[in-house]
Number of protein chains: 2
Amino acid sequence: MPSPRPTSRDVAQAAGVSQAAVSMVLGEKWRGRVSAATAARVREAAATLGYRPNLAARQLRLGSARTLLLVVPALTTEYFADLYAGAARAAAEQDFGVILYLSPTVTAPARDPFASAQSTVDGVLASSMSAEALSTIRGDRLPLVMLDSSPDAGAPTVNVDLADGARQAVEHLLGHGHRRFVHLSADVPSWTFEVRAGAVAARLASVPDASLRVVPTALTVPGGAAATAAALDEAGPRPTALVCDDDRIAAGAYKELRRRGLQVPQDVSVVALDDFAVATAVDPELTAVRFDAELFGERGVRALLALIAGADPDDRDVPVQLVVRGSTGAVSPG
Amino acid sequence: MPSPRPTSRDVAQAAGVSQAAVSMVLGEKWRGRVSAATAARVREAAATLGYRPNLAARQLRLGSARTLLLVVPALTTEYFADLYAGAARAAAEQDFGVILYLSPTVTAPARDPFASAQSTVDGVLASSMSAEALSTIRGDRLPLVMLDSSPDAGAPTVNVDLADGARQAVEHLLGHGHRRFVHLSADVPSWTFEVRAGAVAARLASVPDASLRVVPTALTVPGGAAATAAALDEAGPRPTALVCDDDRIAAGAYKELRRRGLQVPQDVSVVALDDFAVATAVDPELTAVRFDAELFGERGVRALLALIAGADPDDRDVPVQLVVRGSTGAVSPG
DNA sequence: CTGTTAGCGCGTTCAG
DNA sequence: CTGAACGCGCTAACAG
C-alpha cells in the first residue's frame, strides 16, 4: 500500500490544531500568532508524518513555483554542466529550483521553452544567446539575466572577464619574446568571441613590432587543424604564437603542427582561452585561461534573484586566471 | 501593465461557452461532447488570448506534474549532457518534462532529491547509482528505472552493451596479432566497469597464448599515466596492447608512453571503451567504443514511461560500435 | 447529442 | 488560534 502523502490537514489533525496554524508554523510566520508549545507540537507532527507541502498547491495559491529557467545553447561541454551545478546550488540556498532548457540548435526547430519547461518560472537565465533567440524567451516580460552576452542587450548581464584572460595570455606570450601571432578565432557569431578577438588585437596593437593574423575557425578539432594549416601556408615568416579560442581548436592545431614536424612549444607556442577536459589531455598540456564555471552560474542566479526581488543585480565579472602549462615557452633561437 | 495570464475562464467567456467545454476541447476529450464548430471557436479564442493552462492547477487536480527525475552522479562529461538531451526529447514527446538531480559527490552531503527538485515527480531515472544511494531516492516507492546498473538491483534497467564493446575492442587487437594485454580498469566501484573488466578477461581467457594484466586506474589523465607507468615497470616482456576504460585514461597513457619514447601505435596499441571529446583531440586519435548517449536517455525514458503506464518496460541494451582510428595497429616486428 | 453546474485538490491568508 | 474563502483547471453528474 503506497501510503498516500500526508497533507497539511493530516498534520493539523495529528497536532490537534487547524490547517491555518500548520501553515503559519511551517512557514515561519507565527511570531506571536501561535504559542511556542503549539508550534513545537506542529513541527513534531510534521516530522513524524514526513510531511512535505504540496508544491502545486502552494504555487497555485502563491502564483510562483520558485523556479528559475536556465537556457543554454547546448550541453555539450562540461562548461554548461558546471554552470548548471553552480546555478542550482545558489538557487537552492534560497529555495529556488533551476530547470534547464536546451535552446534549439541550428537544425532543430524552435520549440516553446515554456511548454517544455512544464512549469511556471519566476525568471530566466540565458547563456550565450543571440538577441533574436532572446525575444522568444521573454514571453511575458519575465525577469531576465544574460550570461556571457553583450551588456548592451537591454538586460542585466553577468560575464566572465575573458577580455582580461585574452590580455593575460598575450602578455604571457610577449614576455617570452613572441611577436608573430595568429588568433584562431571561433567562427561563431557570439559576443564572447568578439570580445576575445578585440582584446587580443588591442593588446597587440600597442606593440610596434608585433604582427597578428586572425583566422576564423570552426569550434572543433578538425576546424583547428584546418585553420592552423591555412595560417602556416600563408606567405611570410612563420608565426610563433597561436592563440586559440578554445581547447578543441588548440588540439586541432597540435595535430597540424605535428604533421608538419613542428614542436610545441619549441617551434610554436599555443595558448587556449578555455580550459576544459581537452586542455590537460593533450601533450604537452595547454597553457590556458581558466575560470570557475560554477561561480559563474552562482553569480548569475544571485543577480537574477536580486532582480526578481527588485534590487539592483550585482553584475561583477567573474575573474579568470592564466594557467601556465607546457605549451608555451620562449621563442626558439632562429 | 504586465497583462495577467488568461485563465480558462477567460477563454470560456471569449468563446461564449463554459469552462468545462474549454477543458474538454483543449484536452482533446470532446469526441461527441462538443460540436466541431464550438471546438473551433474555443481553439480560436485560446489562440488569440495566448492561453496556457496553469500547470500548478492541473497538477493539483490530476495529482501529477508529468515530470520525470533524472538522477546522475555528476554532469562532468558530455555523456550526461547527451543523456539528458535524449531523455528530455523522448519525454517531451509524451508531454513529460525531465528535471535533473545531481547526486551528491563524495564530498558533498546527501541532500534530499525531492526537496531540491521542487516538484512532484512521476518516476525516477537513475544513472550509474550504487545500491545504497538508491534507497534514498525511492522515498515513496516511485517507479524507477536504472541506467548503466546491474540488472539484479531489483529495478528494471536499461544498459549500454559495453560488454560487447569490450569484446569488439579485444577482438580488434587480437586480429592485429596482439597477445600481451593490459587493462587500465577504472577504480570506481561501478557495475559498468565490472562488466567491462569481465568481458575483457573472458574474451582473453579463451586465447591460450594471451596474457592480461589488470591495473586499477583513477579516472583522470594523471591516473592513466600513473597506471601505465606501473604496468610498464613490471617485469617480463612489454605489453603491446592497452585497453582503457575511458578516453581520459587513454590520454594519460599516451603521455607516459611518449615520455618513455614509445610510439602509438607502432610500439603500443591503445583502445578506449568510451568515446568522448578527448578521444579525437589526442594524436593519434583513439580507436574507441562509441554509443549513442542520446538514444540511451531516450530508451531509459521510454522504459520508465512504460513502467508508469503499467506496461512492461522494454529493456533492450543500447548497441555499441567500435570506431577504428589511429591508435591501434599491428604488433611491431620484434 | 451538446453543453452546463458544482465540487474537488491543498496550502495560504483574512476576518473573526 | 480557527473557519472559510480563494486560486485554476478537471470531471462526474445533470439538464436541455
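None of these values were measured; they are calculated from a predicted model. Excluded from the calculations below are hydrogen atoms, water molecules and symmetry mates; all remaining heavy atoms, backbone and side chain alike, are included. By convention in this document, chain letters (A, B, ...) are assigned in the order of the sequence lines, proteins followed by strands, and residues within each chain are numbered from 1.
- Between Leu62(B) atom CG and dC10(C) atom P the separation is 12 Å, expressed in whole Å.
- The side chain of Ser8(B) lies closest to dG9(D), out of dG9(D), dT2(D), dG3(C).
- Shown here is Gln19(B), whose CD atom has more than 12 heavy atoms of other residues, nucleotides or ligands within 6.0 Å.
- Looking at the side chain of Asn54(B), the nearest of the listed nucleotides dC10(C), dG9(D), dT2(C) is dG9(D).
- With rounding to the nearest 0.5 Å, the separation of CG in Leu70(B) from OH in Tyr84(B) is 8.0 Å.
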Let me see the working for Arg89(B) and Glu93(B) under salt bridge (charged side-chain N to carboxylate O under 4.0 Å, His left out), right down to the final yes or no.
-> CA-CA 7 Å; Arg89(B) 188 156 34 73; Glu93(B) 281 171 17; 5.0 Å; no
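- When distances are taken from the side chain of Gln19(B) to each of dG9(D), dG3(C), dT4(C), the shortest belongs to dG9(D).
- Distance CZ (Arg41(B)) to P (dT2(C)): 13 Å, rounded to an integer number of Å.
- Between Lys29(A) and dT12(C) there is no side-chain N or O to OP1 or OP2 distance below 4.0 Å.
- Going from atom CG of Asn159(A) over to atom CZ of Arg299(A) covers 11.5 Å, rounded to the nearest 0.5 Å.
- Side-chain proximity of Pro53(B) to the nucleotides dT5(C), dG9(D), dG7(D) is greatest for dG9(D).
- Side chains of Asp148(A) and Tyr79(A) form a contact here, defined as non-hydrogen atoms less than 4.5 Å apart.
- Non-hydrogen atoms lying under 4.0 Å from DNA chain D are contributed by Ser23(B), all within residues 21-28 of chain B.
- Atom-to-atom, CD of Gln13(B) to P of dC8(D) comes out at 14 Å; the value is rounded to the nearest Å.
- When heavy atoms are screened at a 4.0 angstrom cut-off, Arg58(A) is found touching the sugar-phosphate backbone but no base atom.
- The pair Glu298(A)-Arg316(A) does not count as a salt bridge, with every side-chain nitrogen at least 4.0 angstrom from each carboxylate oxygen.
- To the nearest angstrom, C1' of dC8(D) lies 11 Å from CZ of Arg61(B).
- Of the residues near DNA chain C, Ala57(B) and Val17(B), the one whose nearest nucleotide (by heavy atom distance) lies more toward the 5' end is Val17(B).
- Here the nucleotide nearest the side chain of Arg33(B), chosen from dG16(C), dC14(D), dG9(C), is dC14(D).
- Closest to the Tyr51(B) side chain, of the nucleotides dG9(D), dT5(C), dG7(D), is dG9(D).
- Residues passing the side chain to side chain contact (heavy atoms under 4.5 Å, CB included) test with Ala91(A) are Leu68(A), Phe96(A), Val98(A), Val301(A), sequence neighbours excluded.
- One atom, CD of Gln59(B), and another, C1' of dG7(D), lie 14 Å apart when rounded to the nearest Å.
- Residue Thr7(B) places no side-chain N or O under 4.0 Å from the OP1 or OP2 atom of dG7(D).
- If you measure from atom CH2 of Trp30(B) to atom P of dG3(C), you get 10 Å, rounded to the nearest angstrom.
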